[in-house]
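Beneath this line is the structure, given in structure tokens, with notes to follow.
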Amino acid sequence: MRPRIMTVYGTRPEAIKVAPLVKALRASDQFESVTVVTGQHREMLDQVNEIFDIVPDHDLDVFAHGQTLNALMAKVFERLDPVLVEEQPDAVLVQGDTSTVAAASLAAFYRQIPVVHLEAGLRSGDISSPFPEEANRKVTSQVTALHLAPTETSRDNLVREAVDPATVVVTGNTVIDALLHTVGQKLPFTDERLQQAEDAGRPVLLVTTHRRENWGGAMEGVGRALRTLAERYPDHLVVLPAHRNPIVREAVLPHLQGLENVLVTEPLAYGEFTRLLALATIVLTDSGGVQEEAPSLGKPVLVMRENTERPEAVEAGTVKLIGADEQRIVTEVSRLVDDPEHYATMSNAVNPYGDGRAIERCLAALAHHFGIGERLPDFVGR
Ligand code: UDP
């Protein structure tokens, strides 16, 4: 009997990082694959599944506008449990640190089903930032049987928390597999304004923002900072693929009206987003995944957060933590535009997060875990 791996995921970033593994599990003759989506993000999740050609076996459809984290968690527990009973998986695989991950891993644990955690061991060291992700990933680590850590730093974090090192494999991050796969395809822009931007050859400041800690006043400040920058650098194009969350949109978008050189788009399909990332001159973000992708394309990244669970690219000098203060954002972006030497120092391509072979290592680690194969050597980032 082939081990039956049930992958549970619910948001866009999870889907991007887990989709190549789901495809590999389906293609493998060593495993059976069952996919469950919670639908924590609805449209942005469906968009990724379509790109990777995944039709989930179960859809828990937990999304509701404005629901609390507790309501979301309760729905995942309630709706996943019968699926666990019906499908009887040999392991439940979760990715990252969303509320879907915390709920699904606990639900599996309560049913005594081993949990496999992809992208295990990331830590900011501050339980309230990112919120609620730092707590989600710590909870998941407690009930995980096999930890697929992306880097040596994340492995060390787990070992420091007394996780048995024999249960940790350093795989590299699957997002680099996904990135290398899609960026090479040069998928067309569906938004013609992006194609025009590429044709015009204007320098692009690419901005993404959604973090819960920045909701409210800080995000208003991000909007004002973008306005100042757009006015200061009329030759530049500021591109903001706006997150679906209305809280984010209401805080940022009113500040950007009437500016010729600000382009606000809907969330972009992954292929288009990576193409835009490759085109960008500077990246300003509070995203986790973008902090991993941009350095491998040699883009300087300014991170609108006080801390990060991804210190590797900060140490390599490609990522800088600047917080979400309006003035600081203006100063740091201006410095990159005005000081070519500073720009050159920050735009080194580094790959501390992966070499594009994470999926192979994950499959081998799973096979080893079930006694049907050998592990591959760990990924070494430096
Ligand atoms: N992304 C995308 N389209 C967009 C913006 C981002 O496909 O319009 C991708 C991006 O490449 C990265 C992921 O979404 O892989 C990051 O998602 P997000 O910032 O929402 O979540 P986080 O990584 O912070 O958890």
Side-chain angles (χ1 to χ4, degrees), residues 2-37 45 48-57 89-97 101 114-122 144-152 154-155 167-185 187 270-271 273-274 288-289 292-293 295-297 310 312 351-370 372-381:
R2 297 183 294 168
R4 194 170 168 75
I5 313 294
M6 177 187 280
T7 309
V8 184
Y9 57 106
T11 65
R12 171 178 67 192
E14 287 162 77
I16 290 167
K17 290 174 172 178
V18 96
L21 183 54
V22 168
K23 287 200 88 166
L25 282 169
R26 285 190 171 175
S28 148
D29 50 17
Q30 286 186 298
F31 302 100
E32 256 183 69
S33 165
V34 181
T35 49
V36 180
V37 293
L45 169 73
V48 181
N49 278 333
E50 276 167 30
I51 297 173
F52 287 92
D53 235 355
I54 296 172
V55 181
D57 299 303
D90 296 299
V92 165
L93 188 148
V94 290
Q95 194 290 330
D97 51 23
V101 174
V115 175
V116 177
H117 188 199
L118 178 63
E119 200 185 61
L122 272 63
T144 290
L146 173 61
H147 308 258
L148 302 173
T151 66
E152 292 146 300
S154 45
R155 189 238 353 252
T167 63
V168 186
V169 180
V170 183
T171 59
N173 200 311
T174 54
V175 80
I176 304 299
D177 298 38
L179 177 73
L180 297 179
H181 177 71
T182 48
V183 94
Q185 296 179 1
L187 294 164
Y270 186 60
F273 185 78
T274 55
E292 293 155 346
E293 293 161 331
S296 71
L297 298 177
R310 295 170 170 87
E312 295 88 346
N351 276 311
Y353 300 111
D355 57 359
R357 296 188 54 208
I359 301 295
E360 283 170 55
R361 293 192 192 88
C362 292
L363 280 186
L366 277 168
H368 180 255
H369 180 81
F370 285 103
I372 54 172
E374 292 302 319
R375 269 175 61 168
L376 290 173
D378 276 355
F379 166 67
V380 181

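All values reported here derive from a predicted model rather than from experimental measurement. Hydrogens, waters and symmetry mates are skipped; everything else that's a heavy atom, side chains included, is used.
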Does any N or O in the side chain of T174 come within less than 3.5 Å of the main-chain N or O of K17, such that one atom is a donor and the other an acceptor? yes
Stepwise, does the side chain to side chain contact (heavy atoms under 4.5 Å, CB included) test hold for D378 with V169? CA-CA 6 Å; D378 276 355; V169 180; 3.6 Å; yes
So does E374 have more than 12 non-hydrogen atoms from other groups sitting under 6.0 Å from CD? no
Under 3.5 Å side-chain donor-acceptor pair for Q95 and E14: no
Would you say N49's side chain and V55's backbone share a donor-acceptor pair under 3.5 angstrom? no
Could you check whether any side-chain heavy atom of I16 comes within less than 4.5 Å of a side-chain heavy atom of V175, counting everything from C-beta outward? yes
Taking side chain to side chain contact (heavy atoms under 4.5 Å, CB included) as the criterion, tell me which of V115, V22, T7 meets it with L93. T7
On a heavy-atom basis, the closest approach of R2 and S28 is NH1-O, 3.6 Å
Salt bridge flag under 4.0 Å for residues D177 and R361: no
For the atom pair OH (Y9) and CG (L45), what is the distance rounded to the nearest 0.5 Å? 6.5 Å
Donor-acceptor under 3.5 Å (H147 side chain, V116 main chain): no
Do F273 and T182 touch side chain to side chain, with heavy atoms closer than 4.5 Å? no
